[in-house]
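Quick notes on the structure that follows.
Keep in mind it's a predicted model, so treat the numbers as computed, not measured.
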Amino acid sequence: MKRALLALLAGATLASAAPAPDYDLLIRGGTIYDGSGGRGVIGDVAVRGDRIVAVGKVDGRAARTLDARGMAVAPGFINMLSWANETLIEDGRALSDVMQGVTLEVMGEGTSMGPLTPAMKRDELARQGDIRYPIDWTTLGEYLDGITKKGVSPNVASYVGAATVRIAVLGEGDVQPTPAQLVEMRGLVHAAMREGAMGVGSSLIYAPASYARTPELVALVSEAGRCGGGYISHIRSEGDRLIEAIDELVTIARDSGTRAEIYHFKQAGRANWGKIDAAIARVEAARASGLAITADMYPYDVAGTGLDAAMPTWVQAGGLEAWIGRLRDPAIRARVAREMQGPGDGWENMYFAAGGAQNLILAGFRNPKLKPLAGRTLADVARERGTTPQETAIDLVIEDGSRVGTLYRVMDEANVRRVAGLPWMSFGSDAGAPAPEGVFLKSRPHPRAYGTFTRVIGRYARDLKLMPLGEAVRRLTALPAANLAIKDRGRLAPGMAADIVLFDPAKVTDRATVEQPAVLATGVRDVFVNGVAVVSQGRHTGAKPGRVVRGPGWSGWPGGGACTAR
């Protein structure tokens with residue numbers, strides 16, 4: 001008995017004397033692509049807590065050691081155009097994105113989840129589709145804090161939407177702000193920047209955003225610039241007035257003194273495919289002049305938006321309900337149908353750009369009776385109904401009580417490939433972060449929701465050799481981080497946040513198609529967010545360690561943030 005007790009005490013002494021692990025996580029023997037754009041180097045990555053503490057040849061012990069031989073090890077990917085606003089409320093796993101290695105969702109294309117007025121909350125509740133939720137926040141900061149408190153797997157960030165700010169002060173009509181109203185709008189931007197917004201985002205082909213004139217945008221973006229923020233825009237035209245729209249973005253950047261980015265850079269419509277040289281030249285001339293102009297894209301030749309992009313913006317003034325009310329008027333219906341058949345006069349006509357109803361694929365409905373139409377072309381549905389495609393589009397908006405999610409075949413694959421190779425191009429899905437299950441199967445997403453990032457690595461870098469793998473990683477990581485002015489993400493280096501992805505370069509593949517879009521990508525083995533495994537051995541762990549990534553104006557930064565006095 002005494003001998004057993006002595007042995008037990010000796011064991012306890014030895015255990016207490018055992019040295020603590022040097023690291024929480026040690027990723028050994030992978031090919032490291034650190035985000036700089038260079039060739040991969042075999043080495044190790046050590047993590048302590050939520051930070052990377054060593055990269056290269058690392059000695060020491062770890063609580064967990066991961067064998068990464070044969071794997072590429074990279075910083076977590078940044079989704080520069082995410083519509084995960086609602087999908088994260090429904091399912092915080094962000095399965096379609098994290099299974100591709102995405103560790104940061106950046107939202108705010110034109111509209112954002114705040115600031116909201118009581119009237120805006122009422123309208124948004126009435127317009128919700130398959131995903132339904134209470135709106136228990138008012139500001140953008142409250143929304144971001146709320147979803148991370150509830151639990152999300154990726155990190156989240158957002159621009160404040162120029163249209164959201166406009167609606168909060170002016171409503172949804174085709175009106176211009178008074179000087180006093182513009183001061184109020186600037187105040188809302190300033191408040192959002194203090195909450196951590198990345199800058200101002202706009203979407204200028206859609207009503208009511210399209211009613212904003214350039215000086216209004218310069219004023220709002222200048223306010224973001226006071227706080228170190230930038231400007232990012234779905235420019236006023238991606239087709240017939242593409243060059244003029246790029247020029248407007250450059251003017252806004254120059255006059256506001258801020259950096260600017262073009263959302264989903266493209267040339268929409270066969271008649272505009274030849275504008276690619278001029279479009280690239282415009283951006284590169286602005287960059288050569290000293291302006292920080294960049295762009296992002298999704299690597300597909302099919303666009304995704306709604307039937308609102310097929311109808312003139314004048315008919316949409318006042319919001320969804322006013323739009324639908326006007327479409328019930330026979331005279332207005334006839335005028336809208338006529339205007340849909342030609343180039344938009346002061347508005348972006350995606351129906352015309354697509355070359356006809358056979359190139360419009362219906363994708364998302366609210367009305368259960370219409371959901372079986374998802375996946376069919378507008379031309380097919382029109383034939384079945386015995387109405388013209390224009391009349392059918394109008395009827396579908398009325399019957400569904402929504403803008404009706406739609407895919408448009410408007411781009412040239414050769415142009416898409418060329419643009420993907422540009423060194424100032426990053427990537428965004430322009431989609432939510434759903435899962436192939438539950439409520440998400442009630443609609444058909446664009447395949448970009450499930451394949452954007454693995455498509456860049458697998459098809460565009462590996463198969464088509466449009467860029468080396470190291471360069472592809474840079475443009476998914478360090479480039480967007482720099483454009484966002486994020487200093488602690490986007491690179492594998494000591495002191496950086498431990499957002500890390502391990503993938504098999506030979507096997508990483510996007511599998512989603514227009515015909516079968518809800519299919520998870522393959523080839524990503526492990527994903528860490530803030531040092532926590534959210535994907536392990538190709539399976540989601542259920543962990544939700546995502547945080548809010550805030551812009552430089554956030555009042556919580558040491559010194560109170562970068563905002564200068566107003």
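- Formation of a donor-acceptor pair under 3.5 Å by the Arg409 side chain with backbone atoms of Asp301 is not found in this model.
- By the 30° and 60° cut-offs, the orientation of the rings of Trp554 relative to Trp557 is perpendicular.
- The closest donor-acceptor contact from the side chain of Gln176 to the backbone of Tyr211 lies under 3.5 Å.
- We find that Arg127 and Glu172 are joined by a salt bridge, their nearest charged nitrogen and carboxylate oxygen being less than 4.0 Å apart.
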Using the side chain to side chain donor-acceptor pair (under 3.5 Å) rule, take Tyr133 and Glu86 through it: C-alpha gap first, then chi angles, then the decisive distance, then the call.
CA-CA 9 Å; Tyr133 51 90; Glu86 294 185 336; 2.6 Å; yes

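- Summarising the local packing, CZ of Arg270 is surrounded by 12 or fewer heavy atoms from other residues, nucleotides or ligands at distances under 6.0 Å.
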Stepwise, does the side-chain contact (heavy atoms from CB on, under 4.5 Å) test hold for Phe352 with Met340?
CA-CA 7 Å; Phe352 184 78; Met340 288 175 67; over 6 Å; no

Would Met80 and Ser429 count as a side-chain contact (heavy atoms from CB on, under 4.5 Å) if you check the C-alpha gap in whole Å, the side-chain angles of each, and the deciding distance to 0.1 Å?
CA-CA 8 Å; Met80 274 300 293; Ser429 68; over 6 Å; no

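- Residues Leu360 and Thr377 fail the side-chain proximity criterion, which asks for heavy atoms closer than 4.5 Å.
- Nearest heavy atom pair, residue Leu307 against residue Ala393, reads CD1-O, 3.8 Å.
- Here the closest non-hydrogen pair linking Pro434 and Ala449 is CD-CB, 4.2 Å.
- Classification of Asp277 and Arg418 as a salt-bridged pair holds, one side-chain N sitting under 4.0 Å from a carboxylate O.
- A cation-pi arrangement, defined by a distance under 6.0 Å to the six-membered ring centre and an angle within 45 degrees of its axis, is present between Arg455 and Tyr300.
- A salt bridge between Asp130 and Arg366 is absent, with no side-chain N of the basic residue lying under 4.0 Å from a carboxylate O of the acidic one.
- Under the 3.5 Å distance criterion, the side-chain polar atoms of Thr406 are left unmatched by any main-chain donor or acceptor of Gly306.
- You'll find the side chain of Leu249 stays beyond 4.5 Å of the side chain of Arg282, heavy atoms only.
- Once rounded to the nearest 0.5 Å, the distance linking CE of Met113 with OH of Tyr143 reads 4.5 Å.
- Taking 4.5 Å as the limit, some side-chain heavy atom of Ile232 sits within range of a side-chain heavy atom of Asp296.
- Side-chain contact of Tyr231 with Ser233: a donor-acceptor pair under 3.5 Å is present, judged by distance alone.
- Side-chain contact between Ile280 and Leu422 is present, with at least one heavy-atom pair separated by less than 4.5 Å.
- The closest side-chain donor-acceptor pair between Arg489 and Thr477, if any, does not fall under 3.5 angstrom.
- The OG1 atom of Thr305 sits 8.0 Å away from the CG atom of Asp430 when rounded to the nearest 0.5 Å.
- Here the closest heavy-atom approach between residue Gly230 and residue Thr258 is recorded as CA-CB, 4.4 Å.
- Without hydrogens or angle criteria, Gln341 side chain to Ala337 main chain gives a donor-acceptor distance under 3.5 Å.
- A donor-acceptor pair under 3.5 Å is absent between the side-chain atoms of Lys275 and the main chain of Ile243, judged by distance alone.
- You'll find the side chain of Arg335 stays beyond 4.5 Å of the side chain of Ile332, heavy atoms only.
- Within the 4.5 Å cutoff, no side-chain heavy atoms of Phe427 are placed close to those of Arg448.
- In this structure, Thr164 contributes its side chain and Ser112 its backbone to a donor-acceptor pair below 3.5 Å.
- A side-chain donor-acceptor contact under 3.5 Å links Glu391 to the backbone of Thr388.
- Nearest approach of Ala94 to Glu105, heavy atoms of both residues: CB-OE2, 4.1 Å.
- Using a distance-only test at 3.5 Å, with no hydrogens or angles considered, no donor-acceptor pair links the side chain of Asn359 to the main chain of Tyr408.
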Before giving the answer on side-chain contact (heavy atoms from CB on, under 4.5 Å), spell out for Ile324 and Ile398 the whole-Å C-alpha distance, their side-chain angles and the decisive distance to 0.1 Å.
CA-CA 6 Å; Ile324 291 173; Ile398 294 171; 4.2 Å; yes

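- Counting only heavy atoms from C-beta outward, the side chains of Val106 and Asn79 never approach each other to under 4.5 Å.
- Rounding to the nearest 0.5 Å gives a distance of 5.0 Å between CG of Leu170 and CE of Met185.
- Annotation: Arg132, atom CZ; neighbour count of heavy atoms from other residues, nucleotides and ligands within 6.0 Å is above 12.
- Screening Val160, Val169, Thr138 for a side chain to side chain contact (heavy atoms under 4.5 Å, CB included) with Pro115, the sole residue that qualifies is Val160.
- Residues Tyr351 and Gln390 bring a donor and an acceptor atom of their side chains to less than 3.5 Å of each other.
- Look at Glu216 and Arg166 and you find a salt bridge, because one of the NZ, NE, NH1 or NH2 atoms lies within 4.0 Å of a carboxylate O, short of that distance.
- Heavy atoms from other residues, nucleotides or ligands lying under 6.0 Å from CG of Asp345 number 12 at most.
- Glu109 places no side-chain N or O within donor-acceptor distance of the main-chain N or O of Trp83, the cut-off being under 3.5 Å.
- None of Asp308, Thr313, Val336 except one satisfies the side chain to side chain contact (heavy atoms under 4.5 Å, CB included) rule with Trp323; the exception is Asp308.
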Verify side-chain contact (heavy atoms from CB on, under 4.5 Å) between Val98 and Thr103, making sure each step is shown before the conclusion.
CA-CA 6 Å; Val98 298; Thr103 58; over 6 Å; no

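- Judged by distance alone, with hydrogens and angles left aside, the side-chain atoms of Lys121 form a donor-acceptor pair with the main-chain N or O of Trp137 at under 3.5 Å.
- Ser256 and Ser222 form no side-chain donor-acceptor contact under 3.5 Å, judged by distance and modelled atom types alone.
- For the atom pair CG of Asn415 and CD of Gln267, the computed distance is 4.5 Å after rounding to the nearest 0.5 Å.
- Between Glu223 and Arg226 there is a salt bridge, with a side-chain nitrogen of the basic residue lying less than 4.0 Å from a carboxylate oxygen of the acidic one.
- Using cut-offs of 30° and 60° on the angle between ring planes, the pair His234 and Tyr206 is perpendicular.
- Using a cut-off of 4.0 Å between Lys/Arg side-chain N and Asp/Glu carboxylate O, Lys150 and Asp145 are scored as not salt-bridged.
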Verdict with supporting geometry, Ser202 and Tyr159, side chain to side chain donor-acceptor pair (under 3.5 Å):
CA-CA 9 Å; Ser202 70; Tyr159 288 83; over 6 Å; no

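- Here Met198 contributes atom CE and Asn483 contributes atom CG; the two are 11.5 Å apart, rounded to the nearest 0.5 Å.
- Lys442 places a side-chain heavy atom less than 4.5 Å from the side chain of Lys371.
- Rounding to the nearest 0.5 Å gives a distance of 6.0 Å between CG of Leu182 and CG of Leu220.
- Residue Leu140 comes nearest to Ser158 through the heavy atom pair CD1-OG, 3.8 Å, listed as atom of the first residue, atom of the second, then distance.
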Could you walk me through whether Glu339 and Trp314 pass the side chain to side chain donor-acceptor pair (under 3.5 Å) test, one step at a time?
CA-CA 11 Å; Glu339 292 192 20; Trp314 61 260; 3.1 Å; yes

